Amino acid sequence: MSSTNDLMSRINERYPALSKGQKLLAAYITDNYDKAVFLTAAKLGEVVGVSESTVVRFAMHLGYKGYPQFQQAMAELVRGKLNSVQRMEDVYGRISQSEILATVLQSDADRIQETLGTIDEQTFELAVDSILKARKIYVVGIRSCAPIAEFLAFYLNLMMEDVQLLHTTSSSELFEQMLHINKEDVIIGISFPRYSMRALKAMEFANSRKAKVITLTDSVHSPMNLYSSCNLIAHSDMSSIVDSLVAPLSVVNALIMALCMKRQKKVVKNLELLEQVWEEYQIYGTDEIDYIDDSIEMRYAGMERKENRT
């Protein structure tokens, strides 16, 4: 295999069969291959907290002859990332600054159109049905996907009784928050390149506890689909150092609207209750803009100027 994604493909395919130490290595390399590429086997083991022999066995388990070949695979990943910057320069270097807005917005519109043409409606309905039947809903999105996860969890809370947005800086924190997840629950995992190993671990754990796993990712080949039985696909590729997440957010919007239509009475009741709470506790009293009659303000300013002259 010569693809720059070859290493990640091997890690994703073999991840379930890795030992505990090897999974630690997989997680570190997935998030930090641009740093790991410069480390010796001994130093990489020291950073991750495993032995040098574990590092070497990990490389061989992935199908490489030894650590040098494995290190070369990481170097290809780094070059692939640099190539994405070069592609951005090729595309955007030919247009003027004034055309950037229209070009980026058109690219985002194209991603939404591609998603509309490929997303499976039956899978979408299955996701809606699974969420409605769930005892508890967990939502996880790491790094750049965190705002989408937070957006989804915010609106799910208006419709459902038990929604938990997973906050994490480590895998152990994830497992602590998911301690009681079971077959009556649903987890929605959101991850796009570069894929988050922590999000993948959360879905692996949920799957091991028989919970329903729903993913929102960019491809049927995404590692996020390893433990999912309901895969929502949204296109995110873009000729830039930043992948577009507009199409994934549109899918989330559609998911929220579909759930609202199924739970109209519940949503209306919750919103009415919230309005009462907001009014009683003056939640928006100091946040909202205080609109002042312009004519009154102008008259007051005129009077003030007159007094100053006298």
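We're numbering straight along the sequence, starting at 1. Note that the coordinates shown come from a computational prediction; the quantities given were computed from them, not determined experimentally.
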Side chain to side chain, Met224 and Leu200, heavy atoms closer than 4.5 Å: yes

Side-chain donor/acceptor of Asp120 to backbone N/O of Thr123, under 3.5 Å: yes

Reference residue Val139; test side chain to side chain contact (heavy atoms under 4.5 Å, CB included); the match among Leu156, Ile148, Leu166: Leu156

Heavy-atom side-chain proximity of Leu116 to Gln113 below 4.5 angstrom: yes

Donor-acceptor contact below 3.5 Å, side chain Asn225 vs main chain Cys230: no

Residue pair Asn270 / Leu158: nearest heavy atoms and the distance that separates them: ND2-O, 2.7 Å

Atom pair CD1/OG of Ile188 and Ser130 - distance to nearest 0.5 Å: 9.5 Å

Step-by-step side-chain contact (heavy atoms from CB on, under 4.5 Å) determination, Phe154 to Leu165: CA-CA 9 Å; Phe154 174 82; Leu165 175 64; over 6 Å; no

Asn32 (side chain) donor-acceptor with Tyr28 (main chain) under 3.5 angstrom: yes

Contact summary for Ser236 and Leu245, nearest pair of heavy atoms: CB-CD2, 4.5 Å

Whether Gln177 side chain and Glu173 backbone form a donor-acceptor pair below 3.5 Å: yes

Interatomic distance, His235 atom NE2 to Ile233 atom CD1 [nearest 0.5 angstrom]: 8.5 Å

Rounded distance [0.5 Å steps], CG in Leu152 versus CD1 in Ile190: 5.5 Å

Evaluation steps, side-chain contact (heavy atoms from CB on, under 4.5 Å), between Leu255 and Asn253: CA-CA 5 Å; Leu255 195 60; Asn253 275 336; over 6 Å; no

Least distance between heavy atoms, Asn231 atom then Thr215 atom: OD1-OG1, 3.1 Å

Check against side-chain contact (heavy atoms from CB on, under 4.5 Å), Leu216 and Val252: CA-CA 9 Å; Leu216 176 58; Val252 165; 3.6 Å; yes

Worked check of side-chain hydrogen bond (donor to acceptor under 3.5 Å, both in side chains) between Thr54 and Ser51: CA-CA 5 Å; Thr54 299; Ser51 67; 2.8 Å; yes

Single-linkage hydrophobic cluster Val56~Leu7, side-chain heavy atoms < 4.5 angstrom: no

Side-chain heavy-atom pair Asn207, Met203 within 4.5 angstrom cut-off: no

Reported OH-to-CD distance for the pair Tyr138 and Gln164, which is rounded to 0.5 angstrom: 5.5 Å

Derivation of the salt bridge (Lys or Arg N to Asp or Glu O under 4.0 Å) call for Glu46 and Lys43: CA-CA 5 Å; Glu46 181 183 335; Lys43 186 63 179 177; 3.6 Å; yes

Shared hydrophobic cluster, Tyr155 / Val268 (ILVMFWY, side-chain heavy atoms < 4.5 Å): no

Joint hydrophobic cluster, Met257 plus Val267, side-chain heavy atoms closer than 4.5 Å: no

Residue pair Phe192 / Ser144, side-chain heavy-atom distance below 4.5 Å: no

Lys201 bridged to Glu204 by N-O distance under 4.0 Å: no

Name each donor-acceptor pair under 3.5 Å that joins a side chain in residues 59-70 to protein atoms two or more places apart or in another chain, with its distance.
| unit_1 | atom_1 | unit_2 | atom_2 | d |
| --- | --- | --- | --- | --- |
| Tyr67 | OH | Leu39 | O | 2.7 |
| Gln69 | OE1 | Lys65 | N | 2.7 |

Test item: Thr118 side-chain N/O and Glu114 main-chain N/O as donor-acceptor pair under 3.5 Å: yes

Derivation and outcome, side-chain contact (heavy atoms from CB on, under 4.5 Å), residues Phe124 and Leu232: CA-CA 7 Å; Phe124 180 83; Leu232 299 174; 4.3 Å; yes

Ionic contact status for Lys266 with Glu161, cut-off 4.0 Å: yes

Minimum heavy-atom distance between Arg143 and Pro147, given as atom pair plus value: O-CD, 3.8 Å

Side chain to side chain, Arg263 and Met160, heavy atoms closer than 4.5 Å: yes

Smallest separation among heavy atoms of Ala36 and Ile29, with atom names: CB-CG1, 4.5 Å

Atom of Ile112, atom of Ser250 and distance for their closest heavy-atom approach: CD1-OG, 3.6 Å

Minimum side-chain heavy-atom gap Thr217-Tyr195 below 4.5 Å: yes

Rounded distance [0.5 Å steps], CD in Glu150 versus SG in Cys145: 13.0 Å

Donor-acceptor under 3.5 Å (Glu52 side chain, Gly45 main chain): no

Thr115/Arg111 under side-chain hydrogen bond (donor to acceptor under 3.5 Å, both in side chains): CA gap, chis, key distance, verdict: CA-CA 6 Å; Thr115 299; Arg111 299 294 81 76; over 6 Å; no

Option passing salt bridge (charged side-chain N to carboxylate O under 4.0 Å, His left out) with Asp185 (candidates Arg135, Lys133, Lys136): Arg135

Joint cluster assignment, Val163 & Leu259, ILVMFWY side-chain distance < 4.5 Å: yes

Exam field: side chain Ser208 to backbone Phe205, donor-acceptor pair closer than 3.5 Å: yes

Residue pair Lys262 / Val128, side-chain heavy-atom distance below 4.5 Å: yes

Side-chain touch Ile256/Met159, heavy atoms, less than 4.5 angstrom: yes

Gap separating the CZ atom of Arg209 from the CE atom of Met178, nearest 0.5 angstrom: 8.5 Å

